[in-house]
Amino acid sequence: MLYSNPMTVAVIGTGFVGVVSAAAYASFGNTVVGLDIDEKKVADLQSGLVPFHEPGLPELLREALDSGNLTFTTDYKKAISNARVIIIAVGTPSKADGSADLTYVHAASEAMAGYLQPGAVVVVKSTVPPGTLHSVDEIIGKHTDVSYDLASVPEFLKEGTAVADTLKPDRVVIGATKDSTIKILSELHEPFNAEIVVVSPESAQMAKYAANSYLATRITFANQIANLCEHTGAQIDEVLSAIGLDQRIGSHYWYPGLGYGGSCFPKDVRELKHFAEQVGEVPNIFSAINELNEKRIPGIIEKLDAAVGGMGGKKIAVLGLAFKPNTDDMREAPCLSVIPKLVEKGAEVRGFDPAALSVARQILKEQSGLLLVDSLEQALEDADVVIVLIEWPEFVNFDYSMTKLDKKQWLFDARNQLDPAKVKSWGYEYIGIGQN
Ligand code: UGA
């Protein structure tokens, strides 16, 4: 569906959320300018190159560029002076104390302020703590005399399925108070064909933290039940399928594993923990979730070490270096905690990933005990232990009987995605999560 009345939109920040959003708004017929201070990124995007792995995004970007609805620039004046809606989608990393670092949000606010056209709506899409619009308002107000309004429209897309999540979201949350702003933003999001929830800016910001923290809690809960299963003869997958049929619980999104990673859950849980502590909400659940998640990998590696009779001298294939399938993002990826522990225990590790190899080569320095290889087969060569760390389909569907050797071999299925009976029939010792 295209708009009858397309808008001029500027998206500040061409990271993950910025690029996907800019291309999506342009695909519905709006005139969109993506703005970034990084000249190389802007030049790459303008020529259709996406600087990270995201299925479907190169095609969406190419279409938007070819339609003439999307351009990229480093020039604030060019991007902002014609824009009806300005979307701030810059990064908000965590500070050392766990609070959100708003430096880039504030810098973008200051840089755009002088070019705002009267009636412009400035939307914060970056994940920010409730109350952030006050500081944004103060900064913009100091640098312009024109009338403008502010709103918060958080992003709920997942990496790996970002295009589908953005074009067909479960809901659009608009945090705004002024009727004219609610009207503009409702019109902008109309073609997304999703339920629009209009709330206060603070509620929108809290909803973003609450959604991520709730999902992180679900995962941590499943992981802790999995630990208990290992002491009881119960199987975690059977337990989850049994309770998931309760409509109040649901059988989605809490598959056990090595804990949650990525650029969002760990950071957002820590930020909510910090916020809770600041307002005197102690003890709080976020602190427990964060601690359990941080301790998960060290605990599992010890169990694995015992199960394989010590890792010293063993050849270990680590399959999956990104934080999850269909991305090359390695922020808080499990391999970053797992590999150093294996190397420390004297294992010879070979790591492989279908998309994240070049990112991995920058982050994980090859060292004695670690080799990053170019194919699954190379990683599996002569391995004593195979670790399916990330559930890429090529690892889940691989026939490991082809690499079975005449020696004892173990397969650790860190996401419970393989069929234990099949793995055992190939001659491997199977180790899963929350199984006996
Ligand atoms: C997450 C949220 O799902 C998005 O809604 C949100 O917009 C995004 O953060 C964000 O704040 O930007 P994302 O980090 O891309 O999206 O990835 P998820 O698919 O949610 O996975 C997060 C972590 O949880 C991964 O490490 C994944 O392996 C783990 N996970 C996920 C589990 O351990 N079990 C599950 O059942 C699902």
Side-chain angles (χ1 to χ4, degrees), residues 13 15-21 52-55 57 89-94 100 125-129 153-166 168-173 194 204-226 236-237 240-241 244 249-272 289-290 292-294 296-297 300 320-338 356 388-392 395-396 413-417 433-434:
F16 203 83
V17 170
V19 178
V20 179
S21 306
F52 42 80
H53 179 84
E54 181 60 39
L57 187 54
V90 296
T92 47
S94 283
K125 202 176 242 313
S126 311
T127 300
V128 295
V153 178
E155 181 52 65
F156 296 101
L157 64 79
K158 300 181 291 302
E159 292 185 28
T161 52
V163 171
D165 290 350
T166 305
K168 289 193 179 53
D170 290 343
R171 78 303 207 181
V172 173
V173 176
Q205 292 149 353
M206 187 55 95
K208 168 69 193 187
Y209 278 110
N212 275 2
S213 298
Y214 173 73
L215 294 170
T217 303
R218 251 180 104 90
I219 293 165
T220 309
F221 177 85
N223 285 337
Q224 195 151 35
I225 296 287
I236 185 65
D237 301 305
L240 291 178
S241 67
I249 298 174
S251 51
H252 53 279
Y253 206 85
W254 59 351
Y255 311 107
L258 295 195
Y260 56 80
S263 64
C264 306
F265 286 179
K267 164 184 160 323
D268 290 355
V269 170
R270 285 196 290 263
E271 284 175 15
L272 208 50
I289 298 300
N290 183 50
L292 285 165
N293 197 59
E294 283 181 353
R296 181 139 185 88
I297 288 180
I300 284 189
L321 306 172
F323 87 94
K324 66 173 191 177
N326 298 315
T327 180
D328 60 358
D329 193 339
M330 286 186 64
R331 285 174 287 179
E332 307 228 14
C335 78
L336 298 176
S337 313
V338 168
V388 180
L389 196 56
I390 299 297
E391 65 279 26
W392 280 97
F395 302 156
V396 172
D413 179 7
R415 297 289 290 175
N416 285 0
Q417 292 290 310
I433 300 275

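Remember, it's 1-based here, ligands and their atoms both numbered in the order they're listed. The residues of the chain are indexed from 1 along the displayed sequence. Side-chain atoms are counted along with the backbone in the values below, which use heavy atoms only and exclude waters and symmetry mates.
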Identify the closest protein heavy atom to [atom]: which residue and atom is it, and at what distance?
atom	result
atom 7 (O) of ligand 1	Leu157 O, 2.7 Å
atom 30 (N) of ligand 1	Ile219 CD1, 3.4 Å
atom 20 (O) of ligand 1	Tyr253 OH, 2.4 Å
atom 35 (C) of ligand 1	Tyr255 N, 3.6 Å

Option of least heavy-atom distance to atom 5 (O) of ligand 1 (set: Phe323, Tyr209, Phe156):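 Nearest option to atom 5 (O) of ligand 1, by heavy atoms: Phe156.
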Option whose closest heavy atom lies nearest to atom 17 (O) of ligand 1, chosen from Lys324, Arg331, Arg415, Glu159: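 Result: the heavy atom closest to atom 17 (O) of ligand 1 is in Lys324.
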Tyr253 and Phe265 aromatic ring geometry - parallel, tilted or perpendicular at 30°/60° bounds: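 The rings of Phe265 and Tyr253 stand perpendicular, inter-plane angle above 60°.
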Arg296 with Glu332: basic N within carboxylate O range, under 4.0 Å: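 Here Arg296 does not pair with Glu332 in a salt bridge, since their nearest N and O are not under 4.0 Å apart.
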SB check Arg270 Glu294 (cutoff 4.0 Å):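 Yes.
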Atom 27 (C) of ligand 1 protein-contacted (non-hydrogen atom, under 4.0 angstrom):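 Given the 4.0 Å cut-off, atom 27 (C) of ligand 1 does not count as touching protein heavy atoms.
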Closest non-hydrogen atom pair, Gln417 against Asp413: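 That would be N-OD2, 2.8 Å.
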For the 3.5 Å polar cut-off, considering only N or O atoms, please tell me whether [X] and ligand 1 meet it.
X	value
Thr127	no
Lys158	no
Lys208	yes

Taking [Y]'s backbone N and O only, do any of them form a donor-acceptor pair with [X]'s side chain (distance below 3.5 Å, no angle check)?
X	Y	result
Arg331	Gly261	no
Arg415	Leu258	no
Glu54	Thr161	yes

Which atoms of ligand 1 sit under 4.0 Å from any heavy atom of [X]?
X	answer
Cys264	8 (C), 9 (O), 10 (C), 11 (O), 12 (O)
Phe265	1 (C), 2 (C), 3 (O), 9 (O), 20 (O), 22 (C), 23 (C), 24 (O)
Trp254	36 (O)

Set of side chain to side chain contact (heavy atoms under 4.5 Å, CB included) partners for Ala211, sequence neighbours left out: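 Ala211: side chain to side chain contact (heavy atoms under 4.5 Å, CB included) contacts with Phe156, Arg171.
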With Asn326 via side chain to side chain donor-acceptor pair (under 3.5 Å) - residues at least two apart: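 Side chain to side chain donor-acceptor pair (under 3.5 Å) check on Asn326 returns nothing, list empty.
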